[in-house]
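Structure first, then comments.
These figures come from a predicted structure and were not determined experimentally. Both counts, for ligands and for their atoms, begin at 1 and track the order of listing.
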Amino acid sequence: MRLENKVAIVTGAGRGLGKGIAKKLAENGAKVIVADMAPADDAVAEIQAAGGTACAFTVDVAKQDEVQALVQFAIETYGTLDIMVNNAGINRDGMLHKMTAENWDLVLSIDLTGTFYGTQEAIKYMRSQNSGRIINISSGSWLGNIGQANYAAAKAGVIGLTKTAARENARKGITCNAICPGFIETDMTLRLKEVNDGAAWDSMMQRIPMNYAGKPEDVGNMVAFLASDEAAYITSEVINVGGGMIV
Ligand code: NAP
């Protein structure tokens with residue numbers, strides 16, 4: 001229970017990686033705001049059934065006023081905000097020469113600008129407390145990936161944002177780190193099983209030295225550690241959770 005009495009927000013936590021992160025934080029004793037586009041009642045029920053404390057909040061992270069309301073809600077509901085996990089993200093893949101401006105803007109607005117709003121709003125409050133943990137979910141794709149110009153640009157932006165936030169706020173007791181998941185089993189990736197009768201999924205497994213996809217809990221474990229007091233001296237880092245896939 002290393003996060004007992006801590007209050008956390010996880011965005012995009014209704015399903016997938018975000019849900020796995022929210023569950024791990026709650027398992028470790030944190031009170032969790034499960035934030036998503038639609039009410040995340042199922043995720044909240046799962047956490048409560050396991051003995052954890054959680055409630056849902058509806059937010060579109062691409063809208064600044066909604067993210068401001070989310071942080072306010074955490075403070076009003078549980079009295080403070082200790083941990084902000086900016087996880088909400090989408091992809092709209094396509095080769096650069098065919099990519100529409102709409103798909104560029106959409107991915108940037110959620111994956112990068114949404115992370116900016118969440119980071120900024122949390123930091124404003126955490127500076128007044130002289131403590132806090134920001135954990136931003138980037139991706140191994142930040143290094144560049146065929147068909148993902150918009151996503152790679154957004155996820156690389158998340159790393160620049162994270163490192164800057166870390167340096168600006170280190171003396172205020174706030175750490176800010178990025179996690180790059182490799183290939184984790186969620187709706188975002190399971191779509192590959194439908195491509196070429198599963199051949200696309202199999203070929204992805206061959207790119208992972210451990211030869212299998214990660215689980216949301218694998219990323220959740222790293223988030224729980226970075227959120228804990230034991231990680232107080234770790235900031236401005238980019239940490240891969242990818243079974244050896246990201247080099
Ligand atoms: P996912 O299964 O597609 O889930 C994404 C979640 O984010 C959904 O609950 C979705 O809500 C929510 N969301 C989407 N747009 C939002 C918005 N504007 N405001 C608030 N919530 C929003 O994806 P995932 O695989 O869990 O990915 C989570 C994060 O990990 C993303 O940032 C992704 O880029 C990153 N990541 C994933 C992998 C992987 O292998 N899965 C690898 C690297 C990085 P709805 O249900 O309403 O759509």
Side-chain angles (χ1 to χ4, degrees), residues 9-24 33-44 46 56-71 73 84-93 103 105-119 121 135-145 147-148 150-159 161-162 178-193 200-201 204-205 207-208 210 212-220 222-223 238-243 245-246:
I9 291 173
V10 184
T11 65
R15 60 189 168 95
L17 238 160
K19 183 164 104 173
I21 294 168
K23 285 167 79 173
K24 275 288 165 198
I33 311 287
V34 182
D36 212 316
M37 292 280 274
D41 296 333
D42 291 351
V44 167
E46 276 185 47
F57 190 87
T58 306
V59 68
D60 176 352
V61 298
K63 300 200 172 123
Q64 189 172 25
D65 58 334
E66 294 189 16
V67 176
Q68 286 167 342
L70 166 64
V71 170
F73 176 79
M84 179 77 189
V85 185
N86 293 296
N87 162 80
I90 60 161
N91 58 1
R92 291 292 180 274
D93 295 354
N103 278 344
D105 287 343
L106 183 64
V107 169
L108 269 285
S109 72
I110 295 170
D111 296 22
L112 181 55
T113 308
T115 302
F116 158 63
Y117 291 147
T119 302
E121 214 44 44
I135 298 148
N136 291 332
I137 305 301
S138 178
S139 164
S141 294
W142 80 277
L143 294 159
N145 198 22
Q148 292 197 311
N150 47 3
Y151 186 74
K155 295 299 190 180
V158 165
I159 287 175
L161 164 68
T162 302
I179 295 176
C180 293
F183 194 77
I184 312 294
E185 235 179 86
T186 68
D187 293 343
M188 187 182 269
T189 52
L190 283 167
R191 285 180 220 143
L192 264 195
K193 286 203 168 167
W201 178 271
M204 184 55 76
M205 291 310 109
R207 288 175 51 195
I208 305 171
M210 287 193 178
Y212 64 91
K215 299 269 187 237
E217 296 72 31
D218 294 319
V219 179
M222 178 54 70
V223 173
V238 178
I239 298 163
N240 299 326
V241 180
M245 188 176 96
I246 308 163

Donor + acceptor pair across side chains of Asn136, Thr162 (<3.5 Å): yes
Knowing that exactly one of Val85, Leu70, Asp36 qualifies, which makes a side-chain contact (heavy atoms from CB on, under 4.5 Å) with Thr11? Leu70
Closest heavy-atom pair, Arg207 versus Asn145, reported as atoms and distance to 0.1 Å, is NH2-OD1, 4.3 Å
Test side chain to side chain contact (heavy atoms under 4.5 Å, CB included) on Tyr151 and Ile90; report intermediate values, then the result. CA-CA 8 Å; Tyr151 186 74; Ile90 60 161; over 6 Å; no
Heavy-atom closest pair, residues Arg92 and Val107: N-CG2, 3.7 Å
Looking at every non-hydrogen atom in both residues, tell me the closest pair between Gly140 and Cys180 and how far apart they are. N-CB, 3.7 Å
Would you please write out the protein residues whose heavy atoms approach any atom of ligand 1 to under 4.0 angstrom, listed by chain and number? Gly12, Arg15, Gly16, Leu17, Asp36, Met37, Val59, Asp60, Val61, Asn87, Ala88, Gly89, Ile90, Ile110, Ile137, Ser138, Ser139, Tyr151, Lys155, Pro181, Gly182, Phe183, Ile184, Thr186, Asp187, Met188, Thr189
